[in-house]
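Comments concern the structure below.
Chain A is the first sequence line, chain B the second, and so forth, proteins listed ahead of strands; every chain is numbered from 1.
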Amino acid sequence: MAQFFPHSANAYARTSMVLVGVLLAGLGLMGDRLQRSPYVTNQGIRPEQPVPFSHQHHVSGLGIDCRYCHTSVETSSFAGIPPTKTCMNCHSQIWTNAPILEPVRASYRNDKSLVWTRVHDLPDYVYFSHEIHVNKGVGCKTCHGPIDEMPLTYQHASLQMEWCLECHRDTASVLRPREQVFNMRYQEPAPGTPVVFEGQKYTKQMDLGHAIQKAYGIRKAFELQSCETCHR
Amino acid sequence: MAQDSENDLVRIQTTKKDLGLTAEHAREKLSGARGPQYWRSLQELTEDPEFDAMMEREFPRHASEWTDPVSRRGFLKLMSASMALAGLSACTKQPFEPIVPYVQQPEELIPGKPIYFATARPTPNGAYPLLVRSHEFRPVKIEGNPDHPASKSIPQGSYPAELRWGVTDAQSQASVLDLYNPERSQNVTFRGDTRTWGTFVGAIRDAFGAERGRGGAGLRILTDTVTSPTLAAQIKSVLQANPQAKWYQWDAMNRDNARTGAKLAFGQYVDAQYRLAEADVVVSLDADFLSGSHFPGFLAMSRDFISKRKLDLAGGEGEAAKMNRLYVIESQASTTGGKADDRLPMRACDVEQFAGALANALGVGGSNGTVKDDHAKTFLNALVKDLQATRGRSVIIPGEQQSPTVHALAAAMNSTLGNAGKTVLYTEPVEIVPTEQAAGLKELVADMNAGKVTLLVMIGVNPVFDAPSDLKFADAFEKVALRAHVGIYHDETSRLSHWHVPMTHYLESWSDTRAYDGTVSIVQPLIEPLYNGRSAHEVVAVFSENPGVTAYDAVQSYWKAQNKGATFEPFWNRALHDGFMPNTASPARPASARPAASALAPVNDELEIVFRPDPTIHDGRYINNGWLQELSKPITKLTWDNAAIMSFNTAKQLGVKDEDVVTLELNGAKVDAPVLVVPGHPDKTITAHYGYGRTTVGSVGTGTGFNAFLLRTAERSNYAAGVKVTAKSGERWRLALTQHHHLIETKKWKEDVVGSSQVGNEAASRDLVRSATFEEWRRTPGFANEGEHQAPSRDLTLYGEDGYKSWVDDPAKNAAHQWGMAIDMNSCIGCNACVVACQSENNIPVVGKEQVLAGREMLWLRIDTYFTTPNTNDVSNPRAFFQPIPCMQCENAPCEPVCPVGATVHSPEGLNNMVYNRCVGTRYCSNNCPYKVRRFNFLLFADFDTESYKSRNNPDVTVRSRGVMEKCTYCVQRITSARIHAEKETRKVRDGEIVTACQQTCPTDAITFGDITDKNSRVTRMKSNERNYTLLAELNTRPRTSYVAEIRNPNPEIAVTPEDHGHTS
Amino acid sequence: MATLPDNRPVDLTRPGYSTPVIAPGYNLEQVTAKIANVILTTKIKLGWFGVFIIAFGIMNLLLGAVGYLFVKGTGIWGINIPVGWGFAIVNFVWWIGIGHAGTLISAILLLLKQSWRTSINRFAEAMTLFAVACAGLFPLIHTGRPWLAAYWLFPYPNTMKVWPQFRSPLIWDVFAVSTYAIVSLLFWYTGLIPDVAALRDRAKNPIAKLFYGILSMGWRGSARHWHRYETAYLLLAGLSTPLVLSVHTVVSWDFAVSVVPGWHATIFPPYFVAGAIYSGFAMVLTLAIPIREAFNMKDFITDRHLNNMAKVMLGTGMIVAYGYATEAFFGWYSANKFEFFMIQNRMFGPYGPMYWFLILCNIAIPQSLWFKKVRSNVPVLFLISLVVNVGMWLERFVIVITSLHRDFLPSSWGMYHPTKWDWMTFFGTMGLFMTLFFLFIRVLPMIAIFEMRTLLPQAKVKH
């Protein structure tokens, strides 16, 4: 029989088969990476803000407590974003005519709200409650990262469901004593630097975590990963 | 999908911001937008509730373009669907969203936490005391006032005092939707053109000034029934200043008969207040006191009535148990009749005769009535015996729509039986100035025709639509020189008026009002007027010396005047806080009734028509309320329409069937109406609910129902004989029923065919409703769990013990709490309050008539109604059973294993979670749900477009999008917040700390929710009741929702049928 | 006295003569030519064009309907609560059923050494593929949010840390159907290779040459090729044999696993498989009869084929009938209120007429196949095949709708009325099917050339 293709075509055929396999695998891997990339999650991105507010300056620099601005963090699902009034409490005294603060003063003058861009934005079908987290010994830093070192605020964690579940399935690994929740310089217990909880010294996070679980009556993993915990 | 509390901050701003938006502003905003930005910009733009208003002003006809609800919704859906698809491109990527803080945050506000305010909803029958939940100053959910005598729930058994709650009715629950309705009239108009409030005041005062000289001879004020002391005082002062001016009150569903009857019996106007908690025998003479707010004192009456039927609460189980008995003689099929122990359906005109006969038999003077058939006679005799035996512990309640004679007779009988002062008190009427309204309206029309009226001000009324047809109000109306109308919506009357002023919703303005028992409440606003409405107080003030007075000043100054001295501030604050003024209930008047002298109306044998207010939209005032429109009316299960309701036999005689169009003709007037055959309706009479068939109305009310007012005359405003019915061959009027009874003809044993409900019979044979007579229950308390329909034993399984390991049994999966619900069939009166409460709490969308017809209603909680008559299956006078069906939260839930993506899964607390954001909509779960409690968003039902409605949504519940399954969650948002609250204090949730929306609003406390592992919880006690059973137990779904079987207490001497003993299975 | 192409006389009345699976008198070359020419001929029949255009037109109904569906949502269909599944699922099961004959014929009959299968297996397989393609469409578009269903149904590591729910028969379905589709495709293509090679060699047109050249994957027909080919083909046959049974078994589980009376029945798997083969053969007949006329293939698709297929239909038809009987019997014998009500409602309820019509189509009429006269009467056979296709569709309709519309709580009873969009989607898939099929017979040999050649006396090796 007459052959339409040269013999070498076989080689091409074989290699192309392999290549297709590789290509598919590659695409799969790429997709996997993509959906976890900052492009999708906004992780580590500093959105533009009307005023370049620096947590670094206010928290580490001036040592202002989180709750001074985020007033409802302990009592409501919503941590609260400070009204212009809160800014003006100080800035009516200091930096009174710093051009950088003009939007704030304008807002106060014209009784028009500042329009910030949300940095930590969960999907609307997720019902997150700051209230319960801070009251059960989850530190600000655990989710928001080194906010006290951010000249411009960015999203520290991916805020994806898998990230939430990491803790909900293993709370002991992140819990800290209540009084340490707002402490930005808090260190996890380590042999050198133990953490005291209810008179007990702990040098391992897991030990501390379990002790806190008991003390605070933290619900078990199978409860915390139940859908209605976050979705209703 | 949902707005979380953060996003709500945006809305506080918009709702509190004042009008600053012009078309130019809008255009420039739009022109700035390009490409993909466009949609979002438009949305941001419409973020302002004023935007709609602006559009109105810019394009006055803008609203009318969308009057057809279908096309409008269609357009909106298409729009949103296209957006949904657009969003598809970036599957998981979140766009950056703005977050807008306050400039100055209000003191009392904790963002994300609701605040409760006490207020009251005024109605002609007396106010409904409320506690309104407000999220970021947006009133979102209506609850009853727990402290008010009229709305406090049945004593909560073991509940701690701080866990009481108040109850409400369906209309109150739905009233919050009216507040946000974007189709409310939004600005002052003169002949349809926009004007300012100032010009209105100017114009009116000019016209009024001219009248002043002649003592206001040409001034007439027509108002709704006024229950506001302040408003009444304001009007009175106007009348004093202008002695010639006149004030009339008009309500289509007025209480003239009760008033005339009282005059006959006592020589004065009184309100009868029934103390049903004291009554062992209750006789209703066509009084429909269990089916909703159109009966004065509905909440208290149903509560007290049912409290005598709670066999566990009232006197305990077993020998000690006591139970009241309800006799209902009625001219329609109502829930009251459905709950009756002994029911006697008859034509309305025969009720008067029956009352006469009863009075005569009880030895009350006055003329005797004739009782026709034998069954009625036996009924009468047994009733008389029973009443004689329970002197002072019985009560006879005349129907609001029954003739004055019946009211007089009832009063006479009550005093003869020594009930007066015990089970019935006579107090001053709830309205400040009681009148006989029809007579008043007649007078007004006469004056108008005579040209005596030059200035007519109408506040909160729509006489052009609902005045008696024979008065020809509209024609007389034209003769008035200056006509001003104040109302929440543009309506038939405003269309014919010169001036229209938008009126404030009761949640928007200050006022005061009296509950049915006279207790005064301050009506406290929760939000600035959304659509620049004006309150009645401000309007009446225009005729006073200081026209500028605000509602707040008017109310406060009135009460300052009432209680002098320095104690005002605390008094006022307390009144606001409690929601009422203590000890302001009207005192009982020592009144003894004279036997009615008047002769009874002659009996006729013609076909009769009975006019009743619509069970959901009342006299038409709620016709623009989607929740009430889609709320299936008790008994008939009809939505979006009214109908010519008749019995099976009558329909057979007339040769018509469901959905046939017939022409009803009564003394000249004609109207076309669809036929609806209803079990238990008396023969030879037709019930027509008025309020539908309006012509000037919003998109929701457009094209719904027929106008029964056309047949209603001043003389015979409640029932009339001699109606002619002619079937229009070929014409059909599709009726959207949420439940069909499949009425079929079946051969009665050795007798002619009777109407029988296939559905009812199936329900009975499937043991869905289980009931027994009081005597039987005494003999066999466990009757409900006899018979074949039982759960299989736990070892009947292939999988060994694990096979049935439920969430309770399995320690590995055992959470601290296990939620469950018990529904007391004995207490449910089918009033629908729970259904609307659920809709309001859970952001359940309205789907419209077409979708209901297609079988796609979305309500999570429905009240199944079954009509059965043991053995005979004859539905001419059946027992009705009301069965609220929420999700059963099965422990072996059939819906769970079939979902391919695990969107419905079990929670460790025994909830059957529905995860909307995971659902892909295969609908397999619904197919596999034996209780069919799942609802599917076949189209984009949720309204993502009407900004004002968005503000109504409960921020704690996801708004479900298209293609998603949804269902009752036991109000998981309430569970979660209560749990968080408890966990913060490191304790378990207390019994009664979680109250589901349906449970909270139920006037009769029929629904109990709680932790079934807590031995002392109320729900555990309910479930341990011997009458407790679960639906379709044999399927081994092991539902967490269970039912407590119903007990009836029929008089053994009256048996609907000889076999009418033994439970209906 | 009939004569063969080479003018040799043959006495068809001779006792013991049975119609052969290939008319006598062909030599190897003639077989190849006859089949190949259908494709390689330069002039295309106008008839083909006509039918193709019609089919294509109908297919566009589908595009329209599905487009509108994506814009508005499944609400454009007649489905509701309680009837959550409508035409989409009915059509899905129907198409999947049709998709059974092909693999059955090629795989099982091959293993059973049924030589008569050879002339029909090729387009039967093609039919299978296209039917499965049509079927595969429905599970996706019937969901409320297809754009999510498309990928949430597959188990892969994702950022939500959640998996599909493997207890759900719908998941099993995804795998069953996709596996079946893939294996059938491989099987069909493998079978094609030698024929495509033959076409390559005969093709004059360079484009055709290139096209077939690529498809034939360098087939040279060497002994080694043939040897491997045979092995591969046999393996695939072995592989797809269990699939024939598994696919529809799994599909039947979509229903049997539920608690719905009328669905929850142990009889379902065998009864569904039988039904599938039944409808599959009906469809093969529906296609084979016109084709052998149109392309005058009477000598290859002989009356014997039709006869045998009719017999298979009769057999499977009886199994299906047994299924119906069992359902009815257990409705009564189970003494289960719901089961009994279901069967009563199915027979005498609002949808009763459809039930009796399906009994007529699937049981009554096919009984005529007992008679050789009917089996050998081609037009009648064609009609019967159509009737069975309709009947099997009705069966699925009755199972899906009547079971759902009146189940446990009488308060929630409802009715199902298909909308125009339901019909458009249904007919649209038929258009899609026909379009694909007509393209197939135009560009690929509808009958396995080389296998036909093996049937010839010349092919038999003499010792």
Can you name the ring-ring contact (aromatic ring centres under 6.0 Å, His included) partners of B/Tyr1043, sequence neighbours left out? none
What part of [X] gets within 4.5 angstrom of chain C, counting heavy atoms only: side chain, backbone, both, or neither?
X	answer
B/Glu1034	side chain
B/Cys929	backbone
B/Pro894	side chain
B/Ser926	side chain
B/Ala763	both

Any side-chain donor paired with an acceptor under 3.5 Å for [X] and [Y]?
X	Y	answer
C/Thr326	C/Tyr271	no
B/Ser756	B/Asn761	yes
C/Trp393	C/Asn91	yes
B/Thr904	B/Arg934	yes

Ring centroids only, cut at 6.0 angstrom: are [X] and [Y] within range, meaning strictly under it?
X	Y	result
C/Trp94	C/Phe426	yes
C/Phe338	C/Phe341	no
B/Phe936	B/Phe938	yes
C/Trp85	C/Trp77	no
C/Phe87	C/Trp421	no

Considering heavy atoms only, which positions within residues 402-417 of chain C lie below 4.5 Å of chain B?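 Hits under 4.5 Å: C/Leu404, C/Arg406, C/Asp407, C/Phe408, C/Leu409, C/Pro410, C/Ser411, C/Ser412, C/Trp413.
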Mind checking which of residues 170-177 of chain C sit less than 4.5 Å from chain B, heavy atom to heavy atom? C/Leu170, C/Ile171
Quick one: which residues of residues 859-866 of chain B reach chain C at under 4.5 angstrom, heavy atoms only?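 Only B/Arg862, B/Asp864, B/Tyr866 of residues 859-866 of chain B have a heavy atom under 4.5 Å from chain C.
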How close do C/Ile81 and B/Lys932 get, counting heavy atoms only, and between which atoms?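 In terms of heavy atoms, the two residues are closest at CG2-CD, 4.2 Å.
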Would B/Cys887 and B/Asn912 count as a side-chain contact (heavy atoms from CB on, under 4.5 Å) here? Give the steps. CA-CA 8 Å; B/Cys887 174; B/Asn912 176 244; 4.3 Å; yes
Which one wins on heavy-atom pair count under 4.5 Å against chain C: [options]?
options	result
B/Met965, B/Arg856, B/Gln739	B/Arg856
B/Asn927, B/Thr1037, B/Asn928	B/Asn927
B/Gly921, B/Pro897, B/Ala903	B/Pro897

May I ask you to test the [X]-[Y] pair for a side-chain heavy-atom distance under 4.5 Å?
X	Y	result
C/Pro164	C/Leu153	no
B/Gln883	B/Val769	yes
B/Cys895	B/Tyr924	no

With chain B as the partner, which of C/Val259, C/Ile76, C/Leu148 has the greatest number of non-hydrogen pairs under 4.5 Å?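 Top count of heavy-atom pairs under 4.5 Å with chain B: C/Val259.
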Taking C/Ala88, C/Gly73, C/Gly75 one by one, which has the highest count of heavy-atom pairs under 4.5 Å against chain B? C/Gly75
Per-residue contact mode, [X] against chain B (heavy atom under 4.5 angstrom):
X	value
C/Phe255	backbone
C/Leu69	backbone
C/Phe166	neither
C/Ile89	neither

Measure from NZ or CZ of B/Arg960 to the centre of the six-membered ring of B/Tyr916 and say whether it is under 6.0 Å with the direction within 45° of the ring axis.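 Yes, a cation-pi geometry holds between B/Arg960 and B/Tyr916.
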Counting only N and O atoms by type, is there a donor-acceptor contact under 3.5 Å from the side chain of B/Asn937 to the main-chain atoms of B/Gly963?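 No; judged by distance alone, with no hydrogens or angles, the pair does not exist.
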Can you check whether C/Leu394's main-chain N or O pairs, donor with acceptor, with C/Tyr355's side chain at less than 3.5 Å?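 Checked: no pair found.
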Enter the distance from B/Glu891:CD to B/Asn1036:CG here, rounded to the nearest 0.5 Å.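 Nearest 0.5 Å value for the CD-CG distance: 9.5 Å.
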Worked verdict on B/Lys967 versus B/Arg935 for side-chain contact (heavy atoms from CB on, under 4.5 Å): CA-CA 6 Å; B/Lys967 69 164 189 65; B/Arg935 299 285 177 248; over 6 Å; no
